[in-house]
Protein chains: 2
Amino acid sequence: MLSIGAVAAAAGVTPRVVRYYEQSGLLASERTAGGQRRYPESAIERVEFIQHLIRAGLTTEVIRDQLSCVNSRVATPDTIEKLRAQREHIARRAAELNSMEQRIADLIDAAHDSISAEDAASAHSHIATRARG
Amino acid sequence: MLSIGAVAAAAGVTPRVVRYYEQSGLLASERTAGGQRRYPESAIERVEFIQHLIRAGLTTEVIRDQLSCVNSRVATPDTIEKLRAQREHIARRAAELNSMEQRIADLIDAAHDSISAEDAASAHSHIATRARG
DNA sequence: GTAGAACATGACGCTAGTGTCACGGTCAAG
DNA sequence: CTTGACCGTGACACTAGCGTCATGTTCTAC
């Protein structure tokens, strides 16, 4: 059994985040006699999964519903419909991000050009240097 | 020149949000003699762009730097490096989203199977019905 | 059994955003 | 020149998803 610090470190978050997830009903924990949280290994992946979903723009409330279905291994048609909606939501976000990436790539190109125009030799070498990093 | 209400409506936000962006230094406006904000058509796209960047996980502070560079049409190597970092950030988010979409798709399939196993005939027809919606 | 790291709980702050209220000024139509 | 919709500033409250601090308890290793 893992401590909250171990789970948090492995998942790349702070203990605060793990407690917040528990408080939000996304994550359960056992307790020691002294009241400290203990988790199975699987909690690490679960925290990472939740993080991804949150970054995808889903709220903890929405995630709670989905995870409870995954936990209980019981899915109603309603749940499936929700999952489907979330999938669309995520797909839209992904499309937005791809478009943003393209726009930023264009900005980089434009900036690159403007620098080349201003100060071709030195700036260009700067860019070349940083482009590898 | 557009009023704040026109820009907000076209960008799918409230005037409050537009003012908030101006207050955050993300958006400039001209003023009428009476002090009301007037915007060029391009402000609509700009507000949408800012919205996308915020949803991509960038802070207003970070966005402000980038946009100021875009505005002034002057880019330092440092700015380019930041843009590049942001692009990577966004690309990572996009990759996460794609992975999430796949996982949710798997959940949908799994849920579909579990329902089929539980109550093949009726539940299956439910899913088929909703799948078209 | 004691030091000190880690943990528990609770509270407050932050950002991005929404809503709302106040109170007054502006703009465009008539 | 009035009417009414819209806009201005400012303020306050609330949300999610955390960071951070305060204060006290538990765990672990020596």
Side-chain angles (χ1 to χ4, degrees), chain A residues 1-39 43-44 46-67 86 89-90 93 96-97 100, chain B residues 1-39 43-44 46-67 86 89-90 93 96-97 100:
Chain A
M1 295 299 259
L2 305 171
S3 71
I4 190 171
V7 171
V13 300
T14 62
R16 174 74 172 88
V17 171
V18 177
R19 287 193 202 101
Y20 178 72
Y21 290 171
E22 177 169 330
Q23 186 188 326
S24 305
L26 305 180
L27 197 60
S29 65
E30 291 173 31
R31 299 293 184 124
T32 64
Q36 297 197 357
R37 295 173 177 82
R38 288 297 117 103
Y39 299 92
I44 297 168
R46 183 159 174 136
V47 168
E48 288 170 347
F49 186 41
I50 295 169
Q51 281 265 302
H52 287 325
L53 290 175
I54 285 174
R55 283 205 282 263
L58 306 187
T59 67
T60 52
E61 196 183 342
V62 170
I63 297 171
R64 183 169 54 236
D65 295 347
Q66 307 309 287
L67 287 183
Q86 252 115 276
H89 176 89
I90 288 176
R93 277 279 198 285
E96 274 182 16
L97 283 183
M100 286 307 98
Chain B
M1 296 297 260
L2 306 170
S3 70
I4 189 170
V7 170
V13 300
T14 63
R16 181 82 166 78
V17 171
V18 178
R19 288 193 201 101
Y20 180 73
Y21 287 171
E22 178 170 330
Q23 188 189 327
S24 305
L26 304 181
L27 197 61
S29 64
E30 290 175 30
R31 299 292 185 124
T32 64
Q36 297 197 355
R37 296 172 177 82
R38 288 298 116 102
Y39 300 91
I44 298 168
R46 183 162 173 134
V47 169
E48 288 170 347
F49 186 41
I50 294 169
Q51 284 260 306
H52 287 326
L53 289 176
I54 286 173
R55 282 206 283 263
L58 305 187
T59 67
T60 52
E61 195 183 344
V62 169
I63 296 171
R64 185 168 52 236
D65 295 346
Q66 308 307 285
L67 287 182
Q86 251 115 273
H89 176 89
I90 289 175
R93 279 277 199 284
E96 275 181 16
L97 284 183
M100 285 308 98

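None of these values were measured; they are calculated from a predicted model.
Across the interface with DNA chain D, nearest-nucleotide mapping of Arg37(B) and Gly34(A) shows Arg37(B) to be the residue nearer the 5′ end. Judged by closest nucleotide on DNA chain D, Val17(A) is the one of Val17(A) and Ala33(A) placed further toward the 5' end.
Phosphate contact (OP1/OP2 of dT9(C), side-chain N/O of Arg31(A), threshold under 4.0 Å): present. Close to dG17(D), at under 4.0 Å from its OP1 or OP2, lies no side-chain N or O of Thr59(A). Taking 4.0 angstrom as the limit, Tyr20(B) places none of its side-chain polar atoms (N or O) nearer than this to OP1 or OP2 of dT15(C). Distances shown here put every side-chain N or O of Thr32(B) at or beyond 4.0 Å from the OP1 or OP2 atom of dT26(C). Residue Thr14(A) places none of its side-chain N or O atoms closer than 4.0 Å to OP1 or OP2 of dC18(D). The shortest distance between the side-chain N/O atoms of Ser3(A) and the OP1/OP2 oxygens of dA6(C) is not below 4.0 Å.
Of the inter-residue distances, the one linking Arg93(B) atom CZ with Met100(B) atom CE reads 12.0 Å to the nearest 0.5 angstrom. For the atom pair CD1 (Ile50(B)) and CD1 (Ile63(B)), the distance works out to 6.5 Å, reported to the nearest 0.5 Å. The CG atom of Leu2(B) sits 14.5 Å away from atom CZ of Arg37(B), with the distance rounded to the nearest 0.5 Å. Rounded to the nearest 0.5 Å, atoms CD (Glu96(A)) and CD (Glu48(B)) are 10.0 Å apart.
Across the protein-nucleic acid pair, Ile4(A) atom CD1 and dT28(D) atom P stand 15 Å apart, rounded to whole Å. Remark: C1' of dC7(D) and CE of Met1(B) are 16 Å apart, rounded to the nearest angstrom. Between Glu30(A) atom CD and dC27(D) atom P there is a gap of 14 Å when expressed in whole angstrom units. For the pair Leu26(A) CG and dC18(D) C1', the computed distance is 13 Å after rounding to whole Å. Following rounding to the nearest Å, Arg16(B) (CZ) and dG10(D) (P) show an atom-to-atom distance of 12 Å. One can place CD of Glu22(A) at 8 Å from P of dT9(C), the figure rounded to the nearest angstrom. Spacing between atom CZ of Arg55(B) and atom C1' of dT15(C) amounts to 16 Å, rounded to whole angstrom units. What separates CG of Leu2(B) from C1' of dC7(D) is a distance of 15 Å, to the nearest Å.
The nucleotide whose nearest atom lies closest to any side-chain atom of Gln36(B) is, among dC27(C), dG17(C), dA8(C), dC27(C).
The side chain to side chain donor-acceptor pair (under 3.5 Å) test with Tyr21(A) singles out one residue from Arg16(A), Gln51(A), Arg46(A), and that residue is Gln51(A).
Residue Arg19(B) places no side-chain atom within donor-acceptor reach of the base of dT9(D), judged by atom type and a 3.5 Å distance cut-off alone.
The nearest pair of heavy atoms linking Ser29(A) to Tyr39(A) is CB-CE2, 3.4 Å.
The residue Ser24(B) sits apart from the nucleic acid: no heavy atom pair falls under 4.0 Å. Within the 4.0 angstrom heavy-atom criterion, no nucleotide atom of any strand lies near Ile50(B). Residue Gln51(A) is classed as a sugar-phosphate contact, given heavy-atom separations below 4.0 Å to backbone atoms only.
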